[in-house]
Amino acid sequence: MASFQEAISSAVKTQATRRGLAYKDIASTMQISRSNFWRHLSNKQLWNSDDFEKLAEALGLHSSWELRRLAQNEQELASSQELTA
């Protein structure tokens with residue numbers, strides 16, 4: 001089962017693709033380095049709750065709660081894929 005951290009990363013990747021956002025632009029909006037952003041995205045560094053609001057803004061979401069909902073959907077999708085594999 002995907003961890004919540006992995007689900008957040010997956011939601012970020014999915015939303016960035018949907019909106020045509022470059023990771024460098026997301027990192028810039030969050031005011032972090034691209035390498036730091038990449039460590040988060042590759043689950044080598046944990047996202048923390050302080051990141052969620054900045055992430056939501058960078059992804060064009062209404063709030064961090066919307067990001068959490070997307071992550072929950074990603075987590076459920078990953079779980080259902082594991083069951084069918």
Side-chain angles (χ1 to χ4, degrees):
M1 179 193 287
S3 73
F4 188 68
Q5 290 290 319
E6 292 167 328
I8 288 286
S9 295
S10 184
V12 169
K13 292 173 188 175
T14 300
Q15 193 66 13
T17 299
R18 283 184 183 140
R19 296 200 181 242
L21 300 171
Y23 292 155
K24 67 181 177 88
D25 295 332
I26 297 170
S28 176
T29 300
M30 291 181 67
Q31 300 178 338
I32 62 175
S33 69
R34 285 186 280 178
S35 60
N36 191 18
F37 179 76
W38 188 252
R39 282 192 297 277
H40 281 14
L41 203 59
S42 60
N43 299 306
K44 292 183 169 111
Q45 184 173 339
L46 297 178
W47 297 106
N48 63 55
S49 58
D50 294 336
D51 297 323
F52 294 160
E53 201 61 48
K54 292 176 185 177
L55 265 173
E57 178 185 338
L59 294 169
L61 301 172
H62 294 110
S63 71
S64 62
W65 291 108
E66 190 174 358
L67 175 62
R68 288 178 173 100
R69 246 188 338 272
L70 290 172
Q72 184 178 8
N73 291 343
E74 292 293 330
Q75 203 169 25
E76 290 169 3
L77 179 62
S79 292
S80 69
Q81 288 174 343
E82 287 174 5
L83 293 175
T84 59

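Side chains are part of it too, since the values below use all heavy atoms of this structure and drop only hydrogens, waters and symmetry mates. Predicted model only: the values in this text are computed from it and were never measured. FYI, the numbering just counts along the sequence from 1.
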How are the rings of F37 and Y23 set relative to one another: parallel (under 30°), tilted (30 to 60°) or perpendicular (over 60°)?
-> tilted
Name the one of Q75, E74, Q5 that satisfies side-chain contact (heavy atoms from CB on, under 4.5 Å) with S10?
-> E74
Could you state the interatomic distance from CG (L61) to CZ (R19), rounded to the nearest 0.5 Å?
-> 6.0 Å
Shortest non-hydrogen separation from W47 to L41 and the atoms involved = CZ2-N, 3.9 Å
Is there a side-chain contact between T14 and L70 (heavy atoms, below 4.5 Å)?
-> no
Should we say atom CD of E66 is surrounded by more than 12 heavy atoms from elsewhere, each under 6.0 Å from it?
-> yes
Kindly indicate whether the side chain of S63, heavy atoms from C-beta on, has any atom under 4.5 Å from the side chain of R69.
-> no
Go through R68 and F4 one step at a time and tell me if the side chain to side chain contact (heavy atoms under 4.5 Å, CB included) criterion holds.
-> CA-CA 9 Å; R68 288 178 173 100; F4 188 68; 4.2 Å; yes
Considering only heavy atoms from C-beta outward, does the side chain of S35 approach that of R39 to under 4.5 Å?
-> yes
M30 and side-chain contact (heavy atoms from CB on, under 4.5 Å): which partner among L59, D25, L55?
-> L55
Assess whether atom NZ of K13 is packed by more than 12 heavy atoms of other residues, nucleotides or ligands within 6.0 Å.
-> yes
With a 4.5 Å limit on heavy-atom distance, are the side chains of D51 and I32 in contact?
-> no
Which pair of non-hydrogen atoms, one from A71 and one from A7, has the smallest distance, and what is that distance?
-> O-CB, 3.2 Å
So OG1 of T29 and NZ of K24: to nearest 0.5 Å the spacing works out to 10.5 Å
Is there a donor-acceptor contact under 3.5 Å from the side chain of S9 to the main chain of H40?
-> yes
